Amino acid sequence: MKGVVIAAGEGTRLRPLTEDKPKGLVEVDGEPILTHCFDRLVELDAEELLVVVGYRKEQIISHYGDTYEGVPITYCHQREPLGIAHALLTAEEHIDDDFMMMLGDNIFEANLQDVVNRQQEERADAAFLVEEVPWEEASRYGVCDTNDYGEIVDVVEKPDDPPSNLVMTGFYTFTPAIFHACHLVQPSGRDEYEISDAIDLLIKSGRTIDAIRMEGWRIDVGYPEDRDEAERRLQEGYDADADEGGEEASAASE
């Protein structure tokens with residue numbers, strides 16, 4: 001599968017970290033957010049990275065060039081910040097099969113492979129990694145409702161009164177049918193073309209969209225304190241790996 005990374009945003013909520021750089025180049029634990037995204041997609045055997053750029057795009061292109069860890073990069077230009085569905089359409093001409101999509105402001109240490117595996121089953125038209133969050137935080141995200149089979153039956157973007165506390169995490173797999181839905185979407189109350197509205201059109205057309213519960217963690221790096229929390233969790237993971245390695249070495253020497 002190809003991997004689409006949405007990285008066109010300005011990151012106004014991350015200021016002052018984004019005063020002189022795009023959001024995707026803000027460093028988390030010594031590496032840009034986009035590097036963490038690319039690493040996850042390379043681990044999932046992405047055959048090509050389609051990176052949607054916009055704000056200060058030249059910095060991203062200059063930083064990464066044409067390949068990442070041997071995987072070719074194609075840059076897709078979103079000329080106006082008109083939402084994720086609009087951004088995704090900039091990659092349409094490069095995709096003719098199932099693909100992965102990751103929002104380029106998320107740090108994942110989670111079961112992304114489970115989402116890809118589900119997409120490869122014939123019954124799935126799309127699959128999303130979802131997580132339960134505190135009710136008071138749900139309005140920050142795209143909120144999902146599911147049926148008894150774990151299929152998503154409704155999605156609403158950043159609702160004032162969330163119907164559930166199950167939210168999309170920023171990692172998705174789709175068939176190319178999502179592009180037709182994106183073309184049909186109308187601007188929301190925020191004057192953006194919302195990916196949640198495109199997903200809702202897929203649902204209403206009878207497509208099967210599966211929710212995969214997250215195992216592990218992810219941080220949506222929207223504010224400076226989110227960046228700090230992501231760094232803390234990554235460093236905790238390194239410390240845990242080091243401790244585990246030490247225990248294995250000790251056991252082997254006994």
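Every value quoted in this text rests on a predicted model; they were computed, and no experiment measured them. Just so you know, these numbers use all the heavy atoms, side chains as well, and skip hydrogens, waters and symmetry mates.
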- Strictly under 6.0 Å, is that where the ring centroids of Phe99 and Tyr172 end up? no

- Message: Do Ile199 and Leu166 sit in one hydrophobic cluster, given that two such residues count as connected whenever their side-chain heavy atoms are within less than 4.5 Å of each other, even indirectly?
- Response: yes

- Message: Can a donor-acceptor pair be found, under 3.5 Å and without considering hydrogens, that links the side chain of Asp226 to the backbone of Gly222?
- Response: yes

- Query: For the atom pair CD (Glu215) and CG (Asn111), what is the distance rounded to the nearest 0.5 Å?
  - Reply: 4.5 Å

- Item | Check: Glu80 main-chain N/O paired with Gln78 side-chain donor or acceptor under 3.5 Å | yes

- Query: Is there a donor in the side chain of Tyr64 and an acceptor in the side chain of Thr35, or the other way round, less than 3.5 Å apart?
  - Reply: yes

- Message: For Arg232, is there an ion pair with Asp228 - N to carboxylate O distance below 4.0 angstrom?
- Response: no

- Query: Is there side-chain contact between Val42 and Tyr68, with heavy atoms separated by less than 4.5 Å?
  - Reply: yes

- Item | Nearest heavy-atom neighbours spanning Gly3 and Ala46 | N-CB, 4.3 Å

- Output the distance between atom CG (Leu103) and atom CD1 (Ile33), rounded to the nearest 0.5 Å. 11.5 Å

- Side chains of Thr208 and Glu151: is there a donor and an acceptor less than 3.5 Å apart? no

- Query: Shared ILVMFWY cluster between Leu234 and Phe108, side chains joined below 4.5 angstrom?
  - Reply: no

- Query: Is a donor on one side and an acceptor on the other found under 3.5 Å between the side chain of Arg118 and the backbone of Asp210?
  - Reply: no

- Between SG on residue Cys144 and CG on residue Asp154, distance to nearest 0.5 Å: 9.0 Å

- Just wondering, do Phe38 and Glu69 contact through their side chains at under 4.5 Å, heavy atoms? no

- Query: Does the pair Ile60 and Leu34 meet the rule for a side-chain contact (heavy atoms from CB on, under 4.5 Å), with working shown?
  - Reply: CA-CA 9 Å; Ile60 293 175; Leu34 281 177; 3.9 Å; yes

- How far apart are the closest heavy atoms of Gly104 and Val5, and which atoms are they? CA-CG1, 3.8 Å

- Query: Does Glu132 offer a backbone N or O that forms a donor-acceptor pair with the side chain of Asn165 under 3.5 Å?
  - Reply: no

- Query: Under 6.0 Å from the CG atom of Asp161, do we count more than 12 heavy atoms belonging to anything else shown?
  - Reply: no

- Message: Assess the residue pair Arg207 and Ile203 against the criterion (side-chain contact (heavy atoms from CB on, under 4.5 Å)); give the C-alpha distance rounded to whole Å, side-chain angles, the decisive distance to 0.1 Å, and a yes or no.
- Response: CA-CA 5 Å; Arg207 305 276 179 169; Ile203 294 168; over 6 Å; no

- Item | Euclidean distance, His86 NE2 relative to Ile195 CD1, rounded to 0.5 Å | 12.5 Å

- Message: Run Glu131 and Arg213 through salt bridge (charged side-chain N to carboxylate O under 4.0 Å, His left out) and show every step you take.
- Response: CA-CA 6 Å; Glu131 72 168 323; Arg213 299 278 179 145; over 6 Å; no

- Message: Using every non-hydrogen atom in the two residues, find where Leu88 and Phe179 come nearest and quote the distance to one decimal.
- Response: O-CE2, 3.5 Å

- Message: Please say yes or no: joined through hydrophobic side-chain contacts below 4.5 Å, possibly via intermediate residues, are Val52 and Val71 part of one cluster?
- Response: no

- Using a strict cut-off of less than 4.0 Å between a Lys/Arg side-chain nitrogen and an Asp/Glu carboxylate oxygen, indicate whether Glu109 and Arg40 qualify as a salt bridge. yes

- Query: side-chain contact (heavy atoms from CB on, under 4.5 Å) between Asp220 and Asp105: does it pass, once the steps are laid out?
  - Reply: CA-CA 6 Å; Asp220 173 9; Asp105 53 6; 3.8 Å; yes

- Can you measure from CG (Asn117) to CG (Leu44) and round to the nearest 0.5 angstrom? 9.0 Å

- Are Leu41 and Ile212 connected, step by step, through hydrophobic side chains (Ile, Leu, Val, Met, Phe, Trp, Tyr) whose heavy atoms are closer than 4.5 Å? yes

- Message: Tell me whether Glu47 is salt-bridged to Lys2, with the criterion being a basic N under 4.0 Å from an acidic carboxylate O.
- Response: no

- Item | Glu92 and His183, any side-chain heavy atoms less than 4.5 Å apart | yes

- Task: Verify, without hydrogens or angle tests, whether Ser188 (side chain) and Glu192 (backbone) share a donor-acceptor contact under 3.5 angstrom.
- Result: yes

- Message: Let's go through Ile209 and Phe128 carefully: what are the C-alpha distance in whole Å and the side-chain angles of both, what is the deciding distance for side-chain contact (heavy atoms from CB on, under 4.5 Å) to 0.1 Å, and is it a yes or a no?
- Response: CA-CA 8 Å; Ile209 301 177; Phe128 306 156; 3.6 Å; yes

- Message: Checking the side chain of Tyr75 only, and the main-chain atoms of Asp66 only, is there a donor and an acceptor separated by less than 3.5 Å?
- Response: no

- More than 12 heavy atoms of other groups within 6.0 Å of His63 NE2: yes

- Query: Is the closest side-chain heavy-atom distance between Arg218 and Met214 below 4.5 Å?
  - Reply: yes

- Between the side chain of Ser205 and the main-chain N/O of Leu202, is any donor-acceptor distance below 3.5 Å? yes

- If we ignore angles and hydrogens, is there a donor and acceptor under 3.5 Å between the side chains of Gln186 and Asp197? no

- Report the C-alpha separation of Lys204 and Asp200 in whole Å, then their side-chain angles, then the decisive distance to 0.1 Å, and conclude whether the salt bridge (charged side-chain N to carboxylate O under 4.0 Å, His left out) test is met. CA-CA 6 Å; Lys204 289 177 178 175; Asp200 189 51; 3.1 Å; yes

- Task: Following the transitive rule for hydrophobic clusters with a side-chain heavy-atom cut-off under 4.5 Å over Ile, Leu, Val, Met, Phe, Trp and Tyr, establish whether Leu201 and Leu82 coincide in one cluster.
- Result: yes

- For a side-chain contact (heavy atoms from CB on, under 4.5 Å) with Leu17, tell me which candidate from Val26, Leu25, Val221 qualifies. Val26

- Charged N to carboxylate O under 4.0 angstrom, Glu10 versus Arg15? yes

- Query: Given side chains that start at C-beta, do those of Met102 and Val4 come closer than 4.5 Å, heavy atoms only?
  - Reply: no

- Message: Quick check for you: to the nearest 0.5 Å, what is the distance between Cys37 atom SG and Ile107 atom CD1?
- Response: 6.0 Å

- Can you name the nearest heavy-atom pair linking Met1 to Gln119, along with the distance? CE-CG, 3.6 Å

- Asp145 and Ser164 have their tightest heavy-atom pair at OD1-CB, 3.4 Å

- Message: Any non-hydrogen side-chain atom of Phe174 less than 4.5 Å from a side-chain atom of Met101?
- Response: yes

- Query: Heavy-atom distance under 4.5 Å between the side chains of Tyr193 and Pro187, does that happen here?
  - Reply: yes

- Do Thr18 side-chain atoms and Gly11 backbone N/O form a donor-acceptor pair below 3.5 Å? yes

- Query: Which heavy-atom pair separates Glu231 from Gly30 by the least distance, and what is that distance?
  - Reply: OE2-N, 4.4 Å

- Message: Are Asn106 and His36 packed together at the side-chain level, in the sense that at least one heavy-atom pair is separated by less than 4.5 angstrom?
- Response: no

